[in-house]
2 protein chains.
Amino acid sequence: MKNRLDEIRKKHNMTQEELAEKLKVSRQTIGSLENGRYNPSIILAFKIAKLFKTSIEEIFIYGESEENE
Amino acid sequence: MKNRLDEIRKKHNMTQEELAEKLKVSRQTIGSLENGRYNPSIILAFKIAKLFKTSIEEIFIYGESEENE
DNA sequence: TTTGAATGGAAAGTTAACTTGACATACCAA
DNA sequence: TTGGTATGTCAAGTTAACTTTCCATTCAAA
């Protein structure tokens, strides 16, 4: 699954650490999401979407060819 | 987090087992989601939304008072 | 009344989404 | 050149989302 977290975070002029604080997760978690090392839990995805006042689908992109993930 | 999975599944005239097969998860996973024993992974949430041709937000409801979950 | 289909849910194991802590790199600014 | 800010990434530990297996309950149909 791809995501636009890096892009959206920068658009809001935030560092990974600032975003992590607002979401109450670690900085490493944000970095790992941005670099695709793992996917967010659905709760974290909801928190991120809420913070940026958008939907999960606008940030996290579930591709056609990812049926088996 | 609440969800309308039971309602939507029945609206589509499917059993838990049929839904599980289509999603390639176990029947117990569907039952556990419907009864709130745990939340889906974001990948499973995307699969469910795609199957029912709707959005994650239409099925899974992230409440205002769940900031710490 | 019995049988089978649908569901609820517990137990134990695996995996991935997190954590904290550490160290490396890159890049400004003083 | 030094120092601080931002990021990348690894290692080891915890937890929750899954799995399989099993048994119990409900209920409609034969």
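Numbered from 1 within each chain, the chains take letters A, B, ... in sequence-line order. Every value quoted in this text rests on a predicted model; they were computed, and no experiment measured them. Worth knowing before you read on, the calculation uses all heavy atoms, side chains too, and leaves out hydrogens, waters and symmetry mates.
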Visitor: I'd like to check Arg27(B) versus Glu21(B) (side-chain heavy atoms, cut-off strictly below 4.5 Å). Are they in contact?
Guide: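 A side-chain contact is absent here, since even the closest heavy-atom pair is not under 4.5 Å.
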Visitor: Go through the steps for Thr29(A) and Ser26(A) under the test side-chain hydrogen bond (donor to acceptor under 3.5 Å, both in side chains), then give the verdict.
Guide: CA-CA 5 Å; Thr29(A) 291; Ser26(A) 67; 3.0 Å; yes
Visitor: Would you call the rings of Tyr62(A) and Phe46(B) parallel, tilted or perpendicular if under 30° counts as parallel and over 60° as perpendicular?
Guide: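 Geometry flag for Phe46(B) against Tyr62(A): parallel rings.
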Visitor: Let me have a per-nucleotide readout for nucleotides 18-30 of chain D, 5' to 3', with B, S or -, counting only protein heavy atoms under 4.0 Å.
Guide: BBBBB--------
Visitor: Could you go step by step and tell me if Ile56(A) and Glu57(B) meet the side-chain contact (heavy atoms from CB on, under 4.5 Å) rule?
Guide: CA-CA 8 Å; Ile56(A) 288 178; Glu57(B) 287 85 352; 3.5 Å; yes
Visitor: CG of Leu5(A) versus P of dA6(D): gap in Å, rounded?
Guide: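 Between P of dA6(D) and CG of Leu5(A): 17 Å.
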Visitor: Can you give the first and last nucleotides of DNA chain C, 5' to 3', that have an atom under 4.0 Å from a heavy atom of chain A?
Guide: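 Extent of the interface on DNA chain C: dA17(C) to dA22(C).
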Visitor: Does Glu34(B) pair with Arg9(B) as a salt bridge, N-O distance under 4.0 Å?
Guide: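 Salt bridge: yes.
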Visitor: Between the side chains of Glu7(A) and Lys11(A), is the shortest nitrogen-to-carboxylate-oxygen separation below 4.0 Å, so that they form an ion pair?
Guide: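 Between Glu7(A) and Lys11(A) there is a salt bridge, with a charged N closer than 4.0 Å to a carboxylate O.
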Visitor: Under a 4.5 Å cut-off applied to non-hydrogen side-chain atoms, are Lys47(B) and Phe52(B) in contact?
Guide: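 No, their side chains stay 4.5 Å or more apart.
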Visitor: Is there a donor-acceptor pair closer than 3.5 Å between any side-chain N or O of Glu58(A) and the backbone N or O of Ser55(A)?
Guide: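 Flag not set: sc Glu58(A) to bb Ser55(A) has no pair under 3.5 Å.
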